[in-house]
Structure formats: C-alpha cells, structure tokens
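Remarks on the structure that follows.
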Amino acid sequence: MRLSKAFGKTLREAPSDADMISHQLLIRANFVRPLAAGIYTFMPFGYRVIRKIWKIMSEEMDAIGGQEMWMPNLHPASIWQATGRWHTVDVLMKVKASGNREYAISPTHEEVVTDLALREISSYRDLPQMVYHISKKFRDEPRARGGLLRLREFIMKDAYSLDTSEAALDEFYPKMVQAYFNIFNRCGVPVIAINADVGAMGGKTSQEFVVPHPQGEDTFIACTNCDYAANVEAAEFVREGEKPAELMPLQKVATPDCKTIADVAAYVGVPTSQTIKAVFYWWTPSGKSEKDGRLVFGLVRGDLEVNDVKFINALGGGSLRAATEAEIQAAGAVPGYASAIGLDVAPALDKPGVYVLADTSIEAGGNFVVGANETGYHYTGANYPRDFNVSQIADIAQADTGHKCPHCGHPIEARRAIEAGHCFKLGTRYSAATNATYLDENGEPQLIYMGSYGIGLDRLMAIIVELHHDEDGIIWPDSVAPYQVHLLHVGKGDRARETAESLYTSLQNAGFEVLYDDREASAGVKFKDADLIGIPWRVTVGERGVAEGKVEVKRRDQKDRVMVPLDELITYLHTAAST
RNA sequence: CGGGGCGUAGCUCAGCUUGGUAGAGCGCUCGGUUUGGGUCCGAGAGGUCGUCAGUUCAAAUCUGGCCGCCCCGACCA
C-alpha cells in the first residue's frame with residue numbers, strides 16, 4: 001500500500017474525548033473512526049488487523065475440530081421468546097418490521113445455534129459438534145465506554161459446542177480453554193483465567209479470561225501466594241473470627257445519632273467486625289414482575305459488604321433494587337437501627353414473614369452489636385442463633401484486598417481487569433427450553449449439552465494496543481500487524497526514491513506485506529508516522545546508504561538500526577522474521 | 001437511570017465572567033524554502049458558535065428545554 005493513496009490520514013492530536021491510550025492511538029494512527037458512541041468504522045489499517053486476529057482465531061478453532069460458519073444478525077422474536085430471553089436480556093435491540101413482525105438484532109447467538117441443533121441433530125451419531133462464526137453483535141449498552149472497550153456494535157468470535165452429556169462437555173471444555181490461551185498468546189496478550197459468575201448467559205460454570213488493567217471494568221480477586229483467582233462476583237474468602245468462648249447477655253444500649261456501622265462501632269467501642277450490618281432489598285424472582293417480589297433482609301458482618309450478584313444467586317436468580325423506607329418499616333424494622341431480633345422470620349421464600357438472608361460471617365465472631373429495631377438503640381452481646389433467627393445462610397459478602405484465600409489462607413487482593421474472553425458451560429439451559437434432543441443408543445431422547453465461548457475482536461485489538469505501545473505510538477506484535485514492513489525513503493535525490501520504488505516491488509514479490517511511504521514529506525514526518533502506525537519492520541532508504549548500496553533496517557520494538565546491503569535485504573528479513 | 005464535565009473551522013483550543021463586525025495553532029490549497037526525527041516564510045479556502053425557544057435595540061456570550069459526546073456510578077454475553 002502506498003501511503004500517499006491511503007484512505008484517511010494520521011492525526012497529530014487525538015480527539016479530546018479519547019481517554020484510553022488505545023483509543024487515542026487507534027484514532028491518531030488512522031485505524032478506526034467514530035461514527036457515534038460505541039460505534040466505529042474500521043479504516044483499512046484497522047480492518048487488516050481485524051483480519052489477522054480473525055485468521056488466528058479460525059486456525060485455533062479449526063485445530064480443535066471447529067467448523068466455521070456464518071449466522072444471521074436479524075433474528076425472529078420467536079427464537080428469543082422460546083428461550084425466555086426476549087424480556088430478560090435488557091441489552092437486546094429490538095426492531096419492528098411491517099405487519100406485526102418483530103426482530104432481535106443479535107447480541108449473541110445461542111438462540112440460533114439451539115434452533116439449528118433442534119433441526120440438524122437427531123442422533124447421538126450427529127454429536128459432538130463445535131461450530132463457530134465471527135460476526136457483528138449489537139447490544140443496547142446503557143453506557144458505551146473506553147473507545148473500543150465496550151461497544152454497541154462489535155465483532156465477536158463465538159463458538160458453540162454440542163455434546164451428548166455433561167461428561168462429554170467436561171471432556172471437551174479444557175480443549176477450548178487451551179485454544180483460548182493459544183489465541184491470546186499468539187496475539188501478544190497474556191491472560192489470566194478466572195472463575196466467574198454466569199450472569200445472563202445462564203448455565204453452570206464459566207471462566208473469564210482477563211487482562212489486569214487499571215481502567216478495566218471487571219474486578220477480580222487474586223491470591224498473593226497461590227494461583228487462586230476469581231471474579232469478585234464469584235470469589236470466595238475465609239471469614240476470619242471465632243465464636244467467643246463466653247456469650248455475653250443481650251443488652252439494649254442507647255446509641256443516639258448512630259446510623260452507620262462506623263458510628264455505632266465507635267460509640268460502643270468495638271471493631272466494626274463485632275457489629276452486624278443490615279441491608280434491605282426488594283427482590284423480584286426471574287420472570288415475575290416487581291409487584292410479585294418480596295422484601296429480603298440481608299445481614300453481613302459490619303466489616304464486610306454485600307455483593308449483589310452473590311445475593312441474587314443465593315436467592316436462585318431474579319433481580320434486586322434497594323427497598324424503600326416504607327417497605328422496610330412494613331416488615332417491622334427501623335432503618336439505621338435494624339436487625340433480625342424480634343422479627344417474624346420467614347422459614348422459606350414461599351412462606352410469610354420477613355425473609356432474612358445472612359452471610360456466613362455472622363457465625364465467625366459473636367457478642368455482636370446489632371440494631372434494636374428502635375430508633376436510637378442497639379443491642380450488645382447479640383449471638384446467632386441464640387438471639388435471632390435467619391431464613392438462610394449463604395456466601396453473600398464481597399471479597400476484597402486483605403481477606404484470606406479460600407485455598408491457601410494467604411492474603412488476597414482485588415485487581416481491576418479487562419475481560420478479553422469468556423467460556424460458559426451452558427449445560428441444558430437452552431436445549432431444555434426448546435426441547436433440543438437427540439436419540440441415544442437406546443432410542444431414548446436426551447437433551448443436548450451446550451457450551452458457548454466468546455471473544456470480542458475489537459476489544460482484543462484495543463487490549464493489544466494497551467499492552468503494546470510507547471510514547472511514540474503503537475508497537476504491533478508481528479502476528480497481528482497490518483503490514484510487516486514499513487518502507488520509506490528520505491532525502492532529496494532521486495536515487496533513494498527510485499531504490500525505494502524498486503524495493504516496494506521486490507519485497508512484495510518476496511511475500512511481504514508492505515506499507516510504502518512514498519510521500520514527498522520530510523524525514524521527521526515520515527519517522528513520526530512510522531512510529532505511530534507501529535509496523536514491526538522499518539526499512540529506510542536514504543541517499544547516503546544507497547550510495548553504499550545499503551538500506552537501514554529497524555524493528556519498531558528495538559532501538560538499534562542495522563545497515564543491510566540491498567541484495568541481502570529480503571534474506572535478512574526472512575531470517576530475522578523466522579527467529 | 002443518578003453524579004460530574006463538555007459542545008466555537010477537519011483536529012486541539014481561546015473568546016463567554018462584564019452582550020456590540022468570530023479568533024489562534026495544527027491540518028488543507030497555492031508559491032517559495034528545507035530534506036535523517038512532526039522545517040521555515042508568505043498568500044488563501046474553511047464556521048447559521050450542537051439545536052430550539054426566551055430575555056434584549058443587539059446573544060457564541062444571559063435564561064430554559066431538547067439533542068449529542070466523555071468520565072464516575074448503576075447496569076453489563
């Protein structure tokens with residue numbers, strides 16, 4: 001490609017609203033252009049990178065038996081209604097067409113694969129299968145952000161496995177995980193695989209592939225000693241603290257103007273870990289409307305926080321919002337001074353009373369300070385189960401820096417990260433909803449076991465730039481660089497230009513992808529652009545070198561420059577590129 | 001959806017407090033100059049100041065609504 005003919009140009013300054021380095025550099029270097037929030041055009045350079053990533057993904061998927069295909073983006077509402085996700089996936093884009101037809105614009109493709117499985121898979125002889133495609137996805141994100149990090153329209157590689165049984169799925173799954181590591185490694189992106197919450201995808205278990213990054217939107221927990229790592233929504237930790245040998249009597253004390261845990265602990269003179277915090281949610285079961293929900297009273301030790309996702313999972317799904325003051329009072333509790341003492345505790349979710357969901361931490365410690373359900377008063381010496389009852393005890397507290405690892409007991413820490421990919425063991429979540437079955441060896445219908453595995457290509461491209469750049473610009477790893485060689489000529493005379501012209505042809509004939517800066521611009525401009533665009537090899541043709549029959553070769557990621565005889569250039573690049 | 005910031009030339013921004021003929025740098029066009037790290041000089045083109053309404057003799061500037069964009073939070077295969 002001749003730079004003089006390229007569509008678009010590099011920018012000296014990035015748009016002021018580009019916050020992340022990858023966003024700034026990809027715009028400045030002419031790889032992408034914004035159309036609207038979360039919607040970008042891939043310029044020719046950017047599209048070449050996407051194609052490189054695409055090829056790597058195809059190779060790794062094919063290597064484990066994947067078959068590449070291409071599924072539609074416009075989905076009839078019926079397939080989303082069949083799995084129940086028409087109303088539950090709130091980022092689902094919907095369009096109305098003439099007549100009364102409604103469509104979803106695909107945010108993901110479980111529904112289409114399930115529909116295909118229903119039609120194409122009839123016997124155990126048809127299984128296992130793994131299909132994948134790379135295509136656009138559309139999500140009505142409430143907030144696009146971080147340039148290419150969270151988009152409303154994006155490119156995803158999504159793969160789907162179909163198996164006869166859970167055991168078969170368990171056997172296949174590690175191959176996919178390994179393929180994911182291969183993809184990320186080949187793209188120059190070291191990832192950490194962590195256990196995660198399955199979220200709206202449903203299913204059993206999932207693993208997230210994350211890249212630690214201060215501007216990431218994910219928080220995950222990593223042990224400082226062993227290899228334990230998990231998304232904060234799934235991370236476990238040790239609840240430190242022992243039940244006291246001697247239980248104090250329950251005693252009501254005045255605690256004027258103590259509405260927060262910190263106030264109460266300071267006033268009474270105990271650590272926050274010797275208090276119990278009360279939180280109130282209005283919980284709506286999945287598939288129900290809000291009026292069919294109920295109040296859920298959460299209890300967690302005062303030094304900990306409730307994690308909403310863990311809370312929902314403990315209740316078996318659904319959604320949460322903060323309860324109103326009126327709803328709290330209707331349950332007989334007093335906001336700011338609430339506890340489970342004296343409440344009519346419901347024994348189960350379908351029974352009347354106040355449903356109290358407590359974290360396991362209420363058993364780690366004792367002689368707690370808790371609310372007295374009376375303004376201005378708390379109890380001291382509260383102990384479970386002597387003084388109050390709960391409906392359910394579960395892991396609902398958020399792990400954080402300083403807590404102890406559930407595996408080895410060493411300290412864990414919370415870190416921010418960008419999610420680069422996700423693997424889900426869906427199990428029969430979708431096949432059961434649509435009755436996608438096959439006939440086994442005995443002629444009995446059995447549900448198909450599914451898995452789904454996604455990586456965002458545009459997000460990956462942004463991550464690559466986040467990890468591979470310096471103050472001058474992008475430093476593309478060879479595997480995904482838009483071109484391999486950035487050829488340019490400097491100097492006044494014709495010889496450098498003529499030599500560069502002939503090199504442009506011979507390098508391409510030798511199989512190299514060449515970006516040729518043939519502009520009549522000053523050396524400084526050309527070097528700055530070369531650094532900004534970030535192609536691995538730079539070949540500079542200058543008058544002085546040409547006089548000696550040599551050109552200068554420099555790697556974008558290294559300082560040193562080498563003068564290489566013209567007739568050895570192709571051999572030199574071939575040799576260097578293969579080592 | 002809550003909090004904060006912003007919207008003036010293709011890009012970065014000044015002008016707004018105190019209303020009175022719309023500016024600079026970069027980029028672009030033309031001429032010259034320079035030629036190994038965003039040369040320098042000169043001449044140009046380019047803007048209904050996001051939008052709608054209000055106040056006023058007069059609005060980029062003051063007031064209100066709407067739209068758009070960015071960040072934090074909520075949310076998030």
Side-chain angles (χ1 to χ4, degrees), chain A residues 8-20 23-24 27-28 30 33-39 83 85 88-92 106-111 137-147 149-152 154 156-160 196-203 206-209 215-219 231 233 308-309 312 319-322 419-424 426 429-430 451-456 459 472-473 488-494 496-497 517 519-532 538 540-546 551-552 554 561 563:
Chain A
K9 60 164 68 83
T10 58
L11 304 176
R12 198 177 281 226
E13 289 175 286
S16 58
D17 55 17
D19 201 53
M20 296 197 68
H23 193 195
Q24 294 170 2
I27 288 177
R28 283 188 56 206
N30 193 25
R33 291 288 181 253
L35 178 64
I39 306 173
T83 59
R85 294 210 294 179
T88 59
V89 174
D90 47 14
V91 296
L92 187 64
S106 55
T108 175
H109 282 79
E110 282 77 15
E111 274 69 12
K137 300 289 180 283
F138 302 85
R139 292 185 190 176
D140 189 9
E141 290 290 350
R143 187 184 150 210
R145 46 161 291 192
L149 235 40
R150 193 199 296 181
L151 298 165
R152 297 214 164 94
F154 60 102
M156 182 161 90
K157 187 254 7 139
D158 41 330
Y160 303 88
D197 181 74
V198 294
M201 292 298 296
S206 82
Q207 269 173 308
E208 239 179 289
F209 295 79
Q215 282 160 289
E217 58 182 343
D218 249 30
T219 302
N231 188 290
E233 295 164 354
D308 290 359
V309 173
I312 289 171
S319 59
L320 292 183
R321 65 163 170 79
E419 178 185 350
H422 211 147
C423 289
F424 295 89
L426 299 173
R429 158 71 179 84
Y430 294 92
S452 112
Y453 318 89
I455 304 178
R459 177 181 285 188
D472 293 315
L488 60 92
H489 64 80
V490 296
K492 201 172 177 182
D494 290 334
R497 190 178 45 75
D517 191 346
R519 297 174 301 175
E520 290 301 327
S522 73
V525 169
K526 291 189 172 190
F527 289 139
K528 285 288 183 190
D529 269 343
D531 287 344
L532 180 60
R538 189 183 79 188
T540 305
V541 186
E543 289 295 328
R544 284 198 304 261
V546 169
V551 292
E552 177 196 280
K554 177 184 176 297
R561 307 159 181 203
M563 296 305 292

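Just so we're on the same page: letters track the sequence lines, and every chain starts at 1. Quantities reported herein were computed from a predicted structural model and do not represent experimental measurements.
Following rounding to the nearest Å, Gln215(A) (CD) and rG73(B) (C1') show an atom-to-atom distance of 16 Å. Rounded to whole angstrom, the span from the CZ atom of Arg321(A) across to the C1' atom of rG2(B) amounts to 16 Å. Atom CD in Glu233(A) sits roughly 13 Å away from atom C1' in rA74(B) (whole-Å rounding). Between the C1' atom of rC75(B) and the CD atom of Glu141(A) lies a distance of 9 Å, rounded to the nearest Å. Residue Arg150(A) contributes atom CZ, which lies 10 Å from atom P of rC76(B) at whole-angstrom precision. Taking atom CZ of Arg143(A) as the reference point, atom C1' of rG73(B) lies 8 Å away to the nearest angstrom. Distance CZ (Arg519(A)) to C1' (rG38(B)): 10 Å, rounded to an integer number of Å. One can place CG of Asp218(A) at 17 Å from C1' of rC72(B), the figure rounded to the nearest angstrom.
Between Arg429(A) and Glu110(A) there is no salt bridge, since none of the side-chain N atoms of the basic residue sits less than 4.0 Å from a carboxylate O of the acidic one. The existence of a salt bridge linking Lys528(A) and Asp531(A) is excluded, since no basic side-chain nitrogen approaches an acidic carboxylate oxygen closer than 4.0 Å.
Distance check: His23(A) NE2 to Asp17(A) CG gives 6.5 Å after rounding to the nearest 0.5 Å. Rounding to the nearest 0.5 angstrom, the gap separating the CD atom in Glu13(A) from the CD atom in Gln24(A) is 11.0 Å. A distance of 3.5 Å separates OG1 in Thr83(A) from CD in Glu111(A), rounded to the nearest 0.5 Å. In this structure, Arg85(A) CZ and Asp90(A) CG are separated by 11.5 Å, a value rounded to the nearest 0.5 Å. The line from OG1 of Thr540(A) to NE2 of His489(A) is 11.5 Å long, rounded to the nearest 0.5 Å.
Applying the 3.5 Å distance criterion, the base of rG38(B) shares a donor-acceptor pair with the side chain of Arg28(A).
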Q: Quick one: do Asp529(A) and Arg519(A) satisfy side chain to side chain contact (heavy atoms under 4.5 Å, CB included)? Show the steps, please.
A: CA-CA 12 Å; Asp529(A) 269 343; Arg519(A) 297 174 301 175; 2.9 Å; yes
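For the residue pair His422(A) and Ser206(A), the shortest heavy atom distance occurs at NE2-OG, 2.9 Å.
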Q | Protein-to-nucleotide contact annotation, 5' to 3' order, nucleotides 23-37 of chain B [B base; S sugar-phosphate only; - none; under 4.0 Å, heavy atom] | A | --BSS-------BBB
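Remark: rC49(B) base-pairs with no nucleotide; criterion is Watson-Crick or G-U wobble with both hydrogen-bond distances under 3.5 Å. Base pairing analysis places rC69(B) opposite rG5(B); the two distances defining the Watson-Crick or G-U wobble pair are each below 3.5 Å. When both pairing distances are held under 3.5 Å, rC62(B) makes a Watson-Crick or G-U pair with rG54(B).
Comparing the P positions of rC62(B) and rG15(B) gives a spacing of 12 Å, expressed to the nearest Å. Of the P atoms belonging to rG10(B) and rC75(B), the separation is 40 Å, rounded to the nearest Å. Here the separation of rU18(B) from rA60(B), taken at their C1' atoms, is 15 Å to the nearest Å. Rounded to whole Å, the P atom of rA58(B) lies 44 Å from the corresponding atom of rC41(B). Rounded to whole Å, the separation between the C1' atoms of rG20(B) and rU61(B) comes to 11 Å. The separation of rU8(B) from rA14(B), taken at their C1' atoms, amounts to 10 Å, rounded to a whole angstrom. Comparing the same atom, C1', in rU17(B) and in rU29(B) gives a spacing of 39 Å after rounding to whole Å. Rounded to whole Å, the separation between the C1' atoms of rU56(B) and rA9(B) comes to 29 Å.
If you check every strand for non-hydrogen atoms under 4.0 Å, Asp158(A) touches nothing. At a threshold of 4.0 angstrom between heavy atoms, the contacts of Asp308(A) are confined to the sugar-phosphate backbone, with no base atom among them. In this structure, Phe154(A) reaches the bases: a heavy-atom distance under 4.0 Å links it to at least one base atom across the strands shown. Within 4.0 Å (heavy atoms only), Pro142(A) reaches at least one base atom of the nucleic acid.
The residue among Ala14(A) and Met156(A) whose nearest nucleotide of RNA chain B is located toward the 5' end is Ala14(A).
Judged by distance alone, with hydrogens and angles left aside, the side-chain atoms of Arg152(A) form no donor-acceptor pair with the main-chain N or O of Asp140(A) at under 3.5 Å.
Residues forming a side-chain hydrogen bond (donor to acceptor under 3.5 Å, both in side chains) with Gln207(A) (at least two apart in sequence, or on another chain): Tyr173(A).
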Close N or O pairs between protein and nucleotides 65-70 of chain B (under 3.5 Å):
{"unit_1": "rC69(B)", "atom_1": "OP1", "unit_2": "Ala37(A)", "atom_2": "N", "d": "2.9"}
{"unit_1": "rC69(B)", "atom_1": "O2'", "unit_2": "Asp17(A)", "atom_2": "OD2", "d": "2.8"}

